[in-house]
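Working notes for the structure below.
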Amino acid sequence: MIEISHLVKRYADGAVAVNDLSLRLGKRITCILGKNGAGKTTLIRIMSTQLMPTSGSVIINGLDVVKDAAAVRDIISSIPQEVKVMGIATPYDHVSMYLHARGLPDSKIDKASEKALRELDLWGVRDKCTADLSGGMRRKVFVAMAIASGANVIFLDEPTTGLDPISRLEVWSSLKKLRCEIIVTTHYMEEAKELSEEVVLIDHGKVVVQGGVEELLGRFRGRVRAEGPRGDYLIGGLHISYVTKAKAERLVEKGYTIKQVTLEDIFITSGGGSLAD
Ligand SMILES: Nc1ncnc2c1ncn2[C@@H]1O[C@H](COP(=O)(O)OP(=O)(O)OP(=O)(O)O)[C@@H](O)[C@H]1O
Ligand SMILES: [Mg+2]
């Protein structure tokens with residue numbers, strides 16, 4: 001359970017990345033979505049004790065990320081958006097050294113490392129220099145570290161960016177198997193829908209929408225998305241409206257394109273704009 005209250009982050013140059021944000025997270029997997037620069041990474045870095053907030057608080061399982069930072073680090077694992085591999089160390093070294101540093105007994109490290117590496121299909125390259133792996137494989141090494149960690153709360157900042165479709169499936173299924181709380185950022189709508197129990201959209205450092213995907217889609221009450229020469233929303237040059245199926249049939253005759261509503265439509269109608277911008 002994570003409780004964020006009136007969180008503010010103002011960087012040294014005056015940029016306000018998180019703007020009086022309050023949020024309770026308690027679902028097993030939560031996806032945080034938002035445009036480039038929305039404040040996702042800043043929020044994740046504060047929650048994972050890597051960045052000091054300007055004001056406000058974050059409490060994780062009863063522990064304050066500023067006052068109890070050391071205790072918080074014992075129960076979390078975090079993968080940053082930009083990861084740097086230790087050049088000559090192998091994937092196996094990465095995972096086992098990480099578990100060692102976290103204090104897992106030596107007798108358990110071998111097995112836990114193997115399990116995580118196999119799950120992400122990295123067992124075959126476990127003894128290669130990590131620097132010689134592809135960018136996507138390097139990302140998966142870090143996901144393996146997080147899933148092997150046994151942490152109560154795991155933060156992953158865009159773990160699947162740049163991964164091929166099969167690798168993305170591997171990452172999702174390994175995350176779904178974990179029993180801890182997972183907070184993940186992504187730009188992929190499909191992923192948010194498949195993976196999470198709850199989505200949170202942030203924009204300009206504030207929460208715009210929070211809820212379950214099905215519950216949020218239910219707000220449209222059977223309406224569909226119509227794109228054409230006129231519409232209630234102008235997004236990326238597209239005019240968009242949400243209309244009943246009966247009205248949609250008439251609009252098709254006038255050249256409109258009709259689509260099923262998706263998560264993106266929730267964001268558009270909530271004022272968050274399009275994530276595809
Ligand atoms: N070190 C920094 N100094 C000053 N401003 C920063 C710094 N880091 C981030 N920002 C600003 O804070 C805002 C939020 O950035 P952040 O990296 O949290 O966004 P994001 O949602 O993770 O974006 P992306 O989807 O591109 O990863 C942006 O306006 C960014 O320019
Ligand atoms: Mg980011």
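Atoms within each ligand, like the ligands themselves, are counted from 1 in listed order.
Protein heavy atoms all stay at least 4.0 Å away from atom 30 (C) of ligand 1.
When heavy-atom distances to ligand 1 are checked against a 4.0 Å cut-off, K35 comes that close only through its backbone atoms N, CA, C and O. Heavy atoms of T42 found under 4.0 angstrom from ligand 1 belong to the backbone as well as the side chain.
Closest of all the heavy-atom pairs between A89 and T130 is O-OG1, 2.6 Å.
The closest approach between K9 and ligand 1 stays at or above 4.0 Å for every heavy atom of the residue.
Protein heavy atom in closest approach to atom 26 (O) of ligand 1: N36 ND2, 2.9 Å. For atom 12 (O) of ligand 1, the nearest protein heavy atom (residue, atom name, distance) is A17 CB, 3.3 Å. Among protein heavy atoms, the minimum distance from atom 2 (C) of ligand 1 is reached at Y11 CD2, 3.4 Å. The shortest contact between atom 25 (O) of ligand 1 and any protein heavy atom is with K40 NZ, 2.7 Å. Of all protein heavy atoms, the one closest to atom 28 (C) of ligand 1 is G37 O, 3.8 Å.
Heavy-atom proximity to T41, at under 4.0 Å, picks out these atoms of ligand 1: 17 (O), 18 (O), 20 (P), 22 (O), 27 (O). For ligand 1, the atoms sitting less than 4.0 Å from at least one non-hydrogen atom of E158 are 25 (O), 27 (O), numbered in the order shown with element in parentheses. Counting atoms of ligand 1 from 1 in the listed order, those under 4.0 Å from a heavy atom of Q81 are 27 (O). For ligand 1, the atoms lying closer than 4.0 Å to a non-hydrogen atom of H187 are 25 (O).
Considering D265, T269, L238 as possible partners of Y233, the one that fulfils the side chain to side chain contact (heavy atoms under 4.5 Å, CB included) test is T269.
E114 and R118 are joined by a salt bridge, as a carboxylate oxygen and a charged side-chain nitrogen come within less than 4.0 angstrom of each other. Contact check on K177 versus E119 returns a salt bridge, with a Lys/Arg side-chain nitrogen under 4.0 Å from an Asp/Glu carboxylate oxygen.
In this structure, the side chains of W123 and P91 stay at 4.5 Å or more apart for every pair of heavy atoms. Side-chain contact between V95 and L99 is present, with at least one heavy-atom pair separated by less than 4.5 Å.
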Atom pairs and distances, donor-acceptor, side-chain atoms in residues 23-32, under 3.5 Å, two or more places apart:
{"residue": "R24", "atom": "NH1", "partner": "E3", "partner atom": "OE1", "Å": "2.9"}
{"residue": "R28", "atom": "NH1", "partner": "L178", "partner atom": "O", "Å": "2.3"}
{"residue": "R28", "atom": "NH2", "partner": "K176", "partner atom": "O", "Å": "2.9"}

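The side chain to side chain donor-acceptor pair (under 3.5 Å) search around E227 returns R225, K259, not counting sequence neighbours. For Q50, the side-chain contact (heavy atoms from CB on, under 4.5 Å) partners are R45, S48, S78, not counting sequence neighbours.
Considering backbone and side-chain N/O atoms, A38 comes within less than 3.5 Å of an N/O atom of ligand 1. Between G34 and ligand 1, a contact under 3.5 Å exists for no N or O pair.
Under a 3.5 Å cut-off, the side chain of S22 and the backbone N or O of H6 do form a donor-acceptor pair. In this structure a side-chain-to-backbone donor-acceptor pair under 3.5 Å is missing from D232 to S241.
Within the cation-pi definition used here (under 6.0 Å to the ring centroid, within 45° of the axis), K140 does not qualify as a partner of F142.
Among protein atoms, those of element N, O or S found less than 2.8 Å away from the Mg ion (ligand 2) are T41 OG1, Q81 OE1.
In R223, the CZ atom is crowded: over 12 heavy atoms of neighbouring residues, nucleotides or ligands sit closer than 6.0 Å.
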